[in-house]
Amino acid sequence: MAMKRGVCRFGLWRVHVSWSGDTVYRVLFSKTGEGGDVPPEFRLYFSGKPINFGRLNSTGTEEGSPFAEIYREVLKIPYGQTATYGDIADLTGTNPRMVGNAMKRNPTPIIIPCHRVVSKSGIGGFTPDVEIKKLLLAMENANKSGN
DNA sequence: TAAACTGTCCCGC
DNA sequence: GCGGGACAGTTTA
């Protein structure tokens, strides 16, 4: 199956998705770009629907990846809720620094909801821009309970 | 308030 | 192929 590439709008940002069928290979944020198809889950999610991406597979989460266990725990965080780096570190038997590292290396943000992992005393960080994280959390918080 | 701790990836040799 | 530095945090002194 040929890999497709599409762009979905999220506020001022554009979400570039490389995917094929029900597998997502890469999710990137930028301020430019348009056109192409993205999986329907993305359009629903960015339109404010409290959906999950359970149908979609994403690369980087398969066994063998050093961060697989961390990603697996992050995937369990429900829509509209957050966990701290320390929580994930505790669950996976590593340390918070490692969790932040794993989030940064995460090839498919949104699907792996790294924006739901926050610092114990703040929002933490986000690549390429923490502003995206703030927007995502605000959106989920506004829609999680029937709006 | 400052420093140690941690595991992995990336870059330079 | 190997070694040093960097990193989206937390805890302790």
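Order of the sequence lines fixes the chain letters, A, B, ..., with proteins taken first and strands second; residue numbering starts at 1 for each chain.
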Original post:
Going hydrophobic residue to hydrophobic residue with side-chain gaps under 4.5 angstrom, can you get from Ile123(A) over to Met139(A)?
Top reply: yes
Original post:
Nearest-Å distance, OH (Tyr85(A)) to P (dT11(C))?
Top reply: 14 Å
**OP:** Examine dG9(C): is either OP1 or OP2 under 4.0 Å from a nitrogen or oxygen in the side chain of Ser121(A)? Give yes or no.
**Re:** no
Subject >> Phe67(A) CZ to dC7(C) P, straight-line distance once rounded to whole Å >> reply: 15 Å
Original post:
Between dC7(C), dC9(B), dT10(C), which one does the side chain of Arg97(A) approach most closely?
Top reply: dC7(C)
Original post:
Between Val38(A) and Val7(A), which heavy-atom pair has the shortest distance, and what is it?
Top reply: CG1-N, 3.6 Å
**OP:** Answer with base, sugar-phosphate or nothing: what part of the nucleic acid does Ser119(A) contact at a heavy-atom distance below 4.0 Å?
**Re:** sugar-phosphate
Original post:
Among dC9(B), dA8(C), dT10(C), which is the nearest nucleotide to the side chain of Arg105(A)?
Top reply: dC9(B)
Subject >> P-based separation of dA6(C) from dA3(B) [nearest Å] >> reply: 16 Å
Original post:
What integer distance in Å separates Leu91(A):CG from dG9(C):P?
Top reply: 18 Å
Subject >> Whole angstrom value for the distance that separates P of dT11(C) from CG of Asp87(A) >> reply: 10 Å
Original post:
Please walk me through it: do Thr82(A) and Ile77(A) pass side chain to side chain contact (heavy atoms under 4.5 Å, CB included)?
Top reply: CA-CA 7 Å; Thr82(A) 59; Ile77(A) 305 172; 5.6 Å; no
**OP:** Please state the C1' separation for the pair dT1(B) and dA8(C) - nearest whole angstrom.
**Re:** 22 Å
Subject >> Atom-to-atom span, CG of Asn95(A) to C1' of dT12(C) - whole angstrom >> reply: 15 Å
Original post:
To the nearest angstrom, how far is Met98(A) atom CE from dT10(C) atom P?
Top reply: 15 Å
**OP:** Quickly work out the Ile70(A) CD1 to dC7(C) C1' distance and round it to whole Å.
**Re:** 13 Å
Original post:
Can a side chain N or O of Lys120(A) be found less than 4.0 Å away from OP1 or OP2 on dT11(C)?
Top reply: yes
**OP:** Take the angle between the ring planes of Phe46(A) and Phe10(A) and call it parallel below 30°, perpendicular above 60°, tilted in between.
**Re:** tilted
Subject >> Partners meeting salt bridge (Lys or Arg N to Asp or Glu O under 4.0 Å) with Lys76(A) (sequence neighbours left out) >> reply: Glu73(A)
Subject >> Range-with-range stems for DNA chain B, at least three Watson-Crick or G-U pairs under 3.5 Å >> reply: B:1-5 with C:9-13, B:7-13 with C:1-7
Original post:
When Glu41(A) is tested against each of Ile51(A), Ile110(A), Val24(A), Val17(A) for side chain to side chain contact (heavy atoms under 4.5 Å, CB included), which residue passes?
Top reply: Ile51(A)
